[in-house]
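For ligands, and for the atoms within them, numbers begin at 1 and follow the listed sequence. If you're wondering where the values come from, they're calculated on a predicted model, not measured in any experiment.
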Amino acid sequence: MKVKVSDGIKAKTLVVFMAEGQDSMPAGFPEGLTKKVKKLKELEGFKGKEGQVAKLQVLEDGADLVYLVGLGKEDKLSEDTYRRAAAVAVKRLKKDKVQTADILLPEGDKESLTQAITEGLILGDYSFDKYKTSKEEEEKIRIKGLNVVGGSQKALEKGEVLANSQIYARSLVNEPGNVINPITLAQEAQRLAQELGLECRVYDEKEIQEMGMQALWSVGKGSATPPRFIHLTYKPEGKAKDKIVFVGKGLTFDSGGLNIKTGNFMRTMKMDKSGACAVLGIMKAIAALKPDVEVHGIIGAAENMPSGSAYRPDDIIKAKNGKTIEVDNTDAEGRITLADALSYASELKPSKIIDMATLTGACMVALGEYTAGLFTNDEEFARELKDVAKRTGERVWELPMDDERLRKHIKNTFADVLNTGGRYGGAITAAMFLQEFVDEGIKWIHLDIAGPAWSKEEYAYYSKGGTGFGVRTCVEYVMELDK
Ligand code: BES
Ligand code: MG
Ligand code: ZN
């Protein structure tokens, strides 16, 4: 689908956003249609509620169809309101087999609204159907082009990059474990890097062990497909204003290992590589936007499987930074792989690290499935990222790291640290475990994306499956560093 900006209404279908209780039509709406639309609006019972769409047949003055798309309450409007509404519009246009339409840009900040609407349109158009072979799917209507009337070209291009990078992450998350394993994930990273002109270094299982990454190796060694360690680098042409490392949990499948997951808990665990896919999506966007910031992407890719060569409960493992880990439960594997990835990231001596991981079910219990847990060793850094997340609409909520009694739960071990901290505060003890592998002096944020990385149903600009959560917030944050 192609989104463009245009300077006037040309298509036969017009999409207009309207808030609850908004009486007058927005600026730019054809005068001649106003009365007619008002009447039809009443007939359709259109109230402007979020998610509500009214389709009005006009048959005059150029436009044939007018879609009114609800925004919800006027005092609650944000950029994300428009992003969501744009996605609702696209889904409806597809359903009605409309292939081209004009979208009237609402009043307000031209740049940010153009960007948000572009993102909503592109993200809303996505669904994962590459494995469907039925004819019905082939005949599905494809939207040809949408025009944002009165939009900003520059903002549109940025929105395109962000949305397409998020979609790239989604598509990769949606690939099952029989297609994407640690080896094929590393190959994809290399392919992407070549396409974008980024540096990419992949370490195989031999090199992983030689480098002292016993933690990643232990988690991966039970699988028939050995682990891989992936390092992507973007360096700006000019002098870098800052240096940041993104680290993603890359479990291409999490069966739980010897502490095998029961029943339905194993289902959807192909999504346990969501953090890694977000990192690749971020690198894709950064390569296109070219900020004056040095950006690294780090992924420890492994498959957590039970077998005769699998790691076990009671095992004691040494991570890359020299600290020892006692295994309480092989299903708390993500933090073990991240121990090496964060140690490696620290050695790059960045000023900041952000890791993204589908780390704990406990985080979903605490915050619900739509909000990521945010953990940090630097409140200012957290505030900056939270501000960006407000704009991108990606929900994050900070959880505390200062509960020293809770920290003791991961210290009750024969090693330096235990890989679980008991039933209560499971997301927090997991974050405390990770902190052991981040060098002091580096500002660090951990995002537990176990909930929002996957969507059980279609909603606004999400489709069923991988969401690509984290890509837009992290990229926007890097762009802030470039200001
Ligand atoms: N990948 C899971 C966490 C997860 C659960 C992500 C549900 C997405 C949805 C992680 O590796 C895991 O199994 N965590 C355990 C930790 C426990 C054994 C301490 C969990 O959350 O149950
Ligand atoms: Mg697990
Ligand atoms: Zn996992």
Side-chain angles (χ1 to χ4, degrees), residues 173-174 177 180-182 185 215-216 218-220 222-223 227 247-278 299-306 310-315 325-341 355-373 375 399 406 409-410 412-413 417-434 446-456 464-470:
V173 170
N174 287 332
I180 291 291
N181 56 45
L185 184 65
L216 175 61
S218 295
V219 171
S223 167
V247 177
K249 170 173 171 180
L251 266 290
T252 58
F253 190 74
D254 179 13
S255 72
L258 288 174
N259 291 104
I260 197 159
K261 287 182 186 292
T262 54
N264 232 8
F265 286 108
M266 209 186 293
R267 186 78 165 113
T268 75
M269 277 304 133
K270 66 174 182 180
M271 61 77 97
D272 216 16
K273 60 183 181 304
S274 296
C277 299
I299 295 164
E303 185 179 40
N304 190 20
M305 294 294 250
Y311 81 132
R312 357 167 155 61
D314 293 350
D315 282 3
I325 300 164
E326 184 180 7
V327 180
D328 175 54
N329 187 318
T330 61
D331 197 12
E333 82 300 332
R335 64 197 76 181
I336 301 181
T337 65
L338 288 164
D340 279 337
D355 79 69
M356 282 163 290
T358 46
L359 205 62
T360 67
C363 199
M364 300 165 73
V365 174
L367 299 176
E369 65 262 60
Y370 312 118
T371 301
F375 305 82
L399 292 169
L406 193 55
H409 294 197
I410 57 166
N412 182 15
T413 164
V417 62
L418 187 66
N419 85 324
T420 66
R423 186 164 137 75
Y424 300 116
I428 297 176
T429 47
M432 288 171 166
F433 178 98
L434 297 184
H446 157 56
L447 294 176
D448 191 332
I449 58 170
W454 184 264
S455 184
K456 271 189 286 202
K464 190 179 164 186
T467 59
F469 184 96

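Ligand 1 places these atoms under 4.0 Å from at least one heavy atom of E333: 11 (O). Distances below 4.0 Å separate heavy atoms of A450 from the following atoms of ligand 1: 6 (C), 8 (C). The K249 neighbourhood of ligand 1 comprises atoms 1 (N), 10 (C), 11 (O), with distances under 4.0 Å to a heavy atom of that residue. Under a 4.0 Å criterion applied to the non-hydrogen atoms of T358, ligand 1 contributes the atoms 1 (N), 2 (C), 3 (C), 6 (C). Near K261, the atoms of ligand 1 lying under 4.0 angstrom from a non-hydrogen atom of the residue are 12 (C), 13 (O).
Per residue D272, closest N, O or S atom to the Zn ion (ligand 3): atom name OD2. Restricting D254 to its N, O or S atoms, the one at the least distance from the Zn ion (ligand 3) is OD2. Atom OD2 is the N/O/S atom of D254 found closest to the Mg ion (ligand 2). E333 has its closest N, O or S atom to the Zn ion (ligand 3) at the position named OE2.
How far OG of S274 is from CZ of F469: 11.0 Å, rounded to the nearest 0.5 Å. Remark: R335 CZ to T429 OG1 distance equals 6.0 Å, nearest 0.5 Å. In this structure, the separation between NE2 on H446 and CE on M432 is 11.5 Å, given to the nearest 0.5 Å.
Heavy atoms of K273 found under 4.0 angstrom from ligand 1: none, in either backbone or side chain. Neither the backbone nor the side chain of L251 comes within contact range of ligand 1; no heavy atom lies under 4.0 Å.
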(request) Please test T467 against I449 for side chain to side chain contact (heavy atoms under 4.5 Å, CB included), starting from the C-alpha separation and ending with a verdict. (result) CA-CA 10 Å; T467 59; I449 58 170; over 6 Å; no
(message) The test is side chain to side chain donor-acceptor pair (under 3.5 Å); show your working for D254 and N304 and say whether it passes.
(response) CA-CA 5 Å; D254 179 13; N304 190 20; 2.9 Å; yes
(message) Let's go through N181 and T252 carefully: what are the C-alpha distance in whole Å and the side-chain angles of both, what is the deciding distance for side chain to side chain donor-acceptor pair (under 3.5 Å) to 0.1 Å, and is it a yes or a no?
(response) CA-CA 5 Å; N181 56 45; T252 58; over 6 Å; no
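With the Mg ion (ligand 2) as the vertex, O (D331) and OE1 (E333) define an angle of 70°, rounded to 10°.
D254 OD2, 3.6 Å is the protein heavy atom nearest to atom 2 (C) of ligand 1. For atom 1 (N) of ligand 1, the closest non-hydrogen atom on the protein side is D272 OD1, 2.8 Å. The protein atom (non-hydrogen) at minimum distance from atom 12 (C) of ligand 1 is D331 O, 3.1 Å. Here the heavy atom of the protein found nearest to atom 16 (C) of ligand 1 is R335 NH2, 3.9 Å. Nearest protein heavy-atom contact of atom 9 (C) of ligand 1 is M269 CE, 3.5 Å. Remark: minimum distance from atom 19 (C) of ligand 1 to any protein heavy atom is reached at T420 CG2, 3.7 Å. Scanning the protein for heavy atoms near atom 10 (C) of ligand 1, the closest one is L359 O, 3.3 Å. Closest protein heavy atom to atom 21 (O) of ligand 1: G361 N, 2.7 Å.
Nearest heavy-atom pair across E369 and M364 is CB-CE, 4.1 Å. Here the closest heavy-atom approach between residue P452 and residue A372 is recorded as CG-N, 3.7 Å. Heavy-atom minimum distance, K249 versus T358: NZ-O, 2.9 Å.
Using a 4.0 Å cut-off between charged nitrogen and carboxylate oxygen, E303 and K273 do not count as a salt-bridge pair.
Put simply, the side chain of N174 gets close to the backbone of G466: a donor and an acceptor are under 3.5 Å apart. No donor-acceptor pair closer than 3.5 Å links the side chain of N329 to the backbone N or O of P313. Looking only at distances, no side-chain donor or acceptor of T371 sits under 3.5 Å from a matching main-chain atom of G368.
The Zn ion (ligand 3) lies under 2.8 Å from an N, O or S atom belonging to K249.
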